[in-house]
Amino acid sequence: MEKNGNNRKLRVCVATCNRADYSKLAPIMFGIKTEPEFFELDVVVLGSHLIDDYGNTYRMIEQDDFDINTRLHTIVRGEDEAAMVESVGLALVKLPDVLNRLKPDIMIVHGDRFDALALATSAALMNIRILHIEGGEVSGTIDDSIRHAITKLAHYHVCCTRSAEQHLISMCEDHDRILLAGCPSYDKLLSAKNKDYMSIIRMWLGDDVKSKDYIVALQHPVTTDIKHSIKMFELTLDALISFNKRTLVLFPNIDAGSKEMVRVMRKKGIEHHPNFRAVKHVPFDQFIQLVAHAGCMIGNSSCGVREVGAFGTPVINLGTRQIGRETGENVLHVRDADTQDKILQALHLQFGKQYPCSKIYGDGNAVPRILKFLKSIDLQEPLQKKFCFPPVKENISQDIDHILETLSALAVDLGGTNLRVAIVGMKGEIVKKYTQFNPKTYEERINLILQMCVEAAAEAVKLNCRILGVAQVFPQVAV
């Protein structure tokens with residue numbers, strides 16, 4: 001059977017860097033695995049998946065029965081700006097050997113993390129086709145720049161919303177290589193029915209907690225304003241302590257500033273406070289149930305403004321990290337939490353409400369669309385991507401054929417009544433002509449001829465004519 005322009009399966013490499021991107025990539029990986037006649041799957045794990053302080057989340061990939069082909073330790077610890085840069089560099093050093101060994105036809109990269117930028121850069125430079133998930137979205141912090149940089153490196157795009165699709169087109173990406181599929185995680189979210197959700201709630205929050213009577217908090221540093229984001233996290237914890245509801249607090253991601261946020265948690269005694277449960281990681285299937293039945297979610301995670309909308313759970317989005325995201329009516333934004341009271345008021349407004357479910361980010365059928373899109377990729381097409389720039393005046397002045405066609409000269413006709421100057425092509429055609437009345441004196445005639453020649457030469461530049469010389473026209477070849 002012919003597949004993708006070849007007589008072989010499509011070899012797909014899925015690279016996952018952290019717990020968040022795996023929740024989006026896992027549904028695609030399951031879909032690929034169910035069609036072995038079309039696809040071969042290689043799984044590469046790197047980033048915070050392999051760090052104990054962040055939950056060793058590679059284990060959930062193993063629990064999902066995926067064979068991890070390669071594990072790359074790419075994180076340089078330090079949780080500051082320099083460590084992020086060094087981590088990208090380390091990944092760039094290690095990835096070429098892996099990609100040379102796997103030789104995938106296409107690499108699937110998700111989102112806007114610095115690890116993903118290393119993946120896309122490596123694949124692009126090694127002439128491996130890239131499928132980027134969730135391009136075209138707008139949020140805040142450095143993630144925006146990284147996401148759009150990956151878009152420029154990627155050959156194919158899967159976006160989640162109509163706005164994201166339009167952003168990709170505005171970024172001059174080829175419309176034929178853009179798929180509006182929805183978010184893959186929504187395939188699981190919209191079908192998440194768990195009658196035993198109370199056992200999950202009790203396991204993570206205690207036996208005395210009821211549905212809709214607890215809070216899920218997930219807040220990450222803003223790498224472009226670390227100091228302010230740490231202050232906001234401190235105010236958030238103060239507000240949650242005052243609000244006096246059982247709260248599940250997830251540790252922040254590995255971005256610069258996360259170490260300082262953990263220090264704030266420990267300074268306030270969150271890990272030992274009777275109202276709080278602080279955890280490094282919750283398996284995605286259980287996390288779904290926790291946010292679906294929470295009284296409120298608070299923080300600045302993209303999960304809050306994207307996935308949680310599928311359940312209509314109230315969300316308080318803090319700060320600028322997700323400032324440009326499309327959101328449902330369940331999201332209340334607190335742009336600049338300069339006081340604890342502002343966050344506390346937001347908690348009083350949101351807690352316990354129930355909003356309509358939002359399908360902004362998907363309708364539950366993303367994976368079938370993505371698999372069909374993958375099957376349509378023709379590996380015989382040129383690898384070099386083309387950008388669909390808006391039309392501009394074509395610059396062909398350095399094209400040899402055009403130069404040969406526009407070699408020209410200035411022809412001067414010293415008539416009795418009129419003086420004439422023309423730009424004449426090599427085949428004798430007149431490109432443009434200038435005529436003036438002949439002055440009475442010799443000096444006036446010479447000055448006028450020189451002026452007309454200068455004007456004609458200047459005009460010739462605009463007409464892409466190359467003037468090779470000036471010639472006087474005899475009466476029998478008058479201009």
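We number each residue from 1, following the sequence as shown.
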First locate atom [atom1] of [X], then atom [atom2] of [Y], and finally report the distance between them rounded to the nearest 0.5 Å.
{"X": "Asn69", "Y": "Leu41", "atom1": "CG", "atom2": "CG", "value": "9.0 Å"}
{"X": "Tyr22", "Y": "Thr16", "atom1": "OH", "atom2": "OG1", "value": "7.5 Å"}
{"X": "Gln350", "Y": "Ile316", "atom1": "CD", "atom2": "CD1", "value": "5.5 Å"}
{"X": "Leu248", "Y": "Ile201", "atom1": "CG", "atom2": "CD1", "value": "10.5 Å"}
{"X": "Ile298", "Y": "Thr236", "atom1": "CD1", "atom2": "OG1", "value": "5.0 Å"}
{"X": "Arg325", "Y": "Asn317", "atom1": "CZ", "atom2": "CG", "value": "10.0 Å"}

Within 6.0 Å of [atom1] in [X], more than 12 heavy atoms from elsewhere:
{"X": "Asp67", "atom1": "CG", "value": "no"}
{"X": "Lys231", "atom1": "NZ", "value": "no"}
{"X": "Lys280", "atom1": "NZ", "value": "yes"}
{"X": "Lys359", "atom1": "NZ", "value": "no"}

### Task
On the 0 to 90° scale, with breaks at 30° and 60°, tag the Phe389-Phe387 ring pair as parallel, tilted or perpendicular.
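Plane angle between 30° and 60°, so tilted.
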### Task
Anything under 30° is parallel, anything over 60° is perpendicular, the rest tilted; go ahead and classify Tyr186 against Tyr361.
tilted
Does this structure show an ion pair linking [X] with [Y], if we count only N-O contacts that are shorter than 4.0 Å?
{"X": "Lys268", "Y": "Glu234", "result": "yes"}
{"X": "Arg306", "Y": "Glu326", "result": "no"}
{"X": "Arg129", "Y": "Glu381", "result": "no"}
{"X": "Glu165", "Y": "Arg162", "result": "yes"}
{"X": "Lys385", "Y": "Glu173", "result": "yes"}
{"X": "Lys24", "Y": "Asp21", "result": "no"}
{"X": "Arg369", "Y": "Asp363", "result": "yes"}
{"X": "Arg246", "Y": "Asp213", "result": "no"}

### Task
Decide yes or no on side chain to side chain contact (heavy atoms under 4.5 Å, CB included) for Asp255 and Phe114, but give the supporting numbers first.
CA-CA 9 Å; Asp255 281 350; Phe114 59 86; 3.6 Å; yes
### Task
Is it possible for you to check whether Lys33 lies under 6.0 Å from the centre of the six-membered ring of Phe66, through NZ or CZ, and within 45° of that ring's axis?
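Flagged: Lys33 positioned over aromatic ring of Phe66.
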Would you say that [X] contacts [Y] through its side chain, given a criterion of any heavy-atom pair below 4.5 Å between the two side chains?
{"X": "Phe287", "Y": "Cys303", "result": "yes"}
{"X": "Ser87", "Y": "Thr74", "result": "no"}
{"X": "Lys188", "Y": "Phe284", "result": "yes"}
{"X": "Asn253", "Y": "Ser48", "result": "no"}
{"X": "Met60", "Y": "Arg19", "result": "yes"}
{"X": "Val44", "Y": "Met107", "result": "no"}
{"X": "Ile150", "Y": "Asp112", "result": "no"}
{"X": "His333", "Y": "Thr327", "result": "yes"}

Scan side-chain atoms only and decide if [X] and [Y] contain a donor-acceptor pair under the 3.5 Å cut-off.
{"X": "His157", "Y": "Thr151", "value": "no"}
{"X": "His110", "Y": "Glu134", "value": "yes"}
{"X": "Ser229", "Y": "Arg321", "value": "no"}

[X] (side chain) donor-acceptor with [Y] (main chain) under 3.5 angstrom:
{"X": "Thr161", "Y": "Ala164", "answer": "yes"}
{"X": "His293", "Y": "Gln289", "answer": "yes"}
{"X": "Thr313", "Y": "Val291", "answer": "yes"}
{"X": "Asp238", "Y": "Gln340", "answer": "no"}
{"X": "Lys9", "Y": "Pro36", "answer": "yes"}

### Query
Going through the checks in order, is the side chain to side chain contact (heavy atoms under 4.5 Å, CB included) test met by Phe311 and Asn330?
CA-CA 9 Å; Phe311 307 115; Asn330 65 309; over 6 Å; no
Taking all heavy atoms of [X] and all of [Y], pick out the closest pair and write down the distance.
{"X": "Cys17", "Y": "Ala116", "result": "SG-N, 4.1 Å"}
{"X": "Val331", "Y": "Gly304", "result": "CG2-O, 4.4 Å"}
{"X": "Gly47", "Y": "Ile51", "result": "O-CG1, 4.2 Å"}
{"X": "Asn18", "Y": "Ala20", "result": "OD1-N, 3.0 Å"}
{"X": "Ser139", "Y": "Asp144", "result": "N-OD1, 2.8 Å"}
{"X": "Arg147", "Y": "His132", "result": "O-CE1, 3.6 Å"}

### Test side chain to side chain contact (heavy atoms under 4.5 Å, CB included) applied to Asp105 and Ile377, step by step
CA-CA 10 Å; Asp105 296 313; Ile377 293 174; over 6 Å; no
### Check against salt bridge (charged side-chain N to carboxylate O under 4.0 Å, His left out), Arg71 and Glu62
CA-CA 12 Å; Arg71 303 180 194 191; Glu62 294 177 331; 2.4 Å; yes
### side chain to side chain contact (heavy atoms under 4.5 Å, CB included) between Leu90 and Val76, worked out
CA-CA 8 Å; Leu90 185 57; Val76 176; 4.2 Å; yes
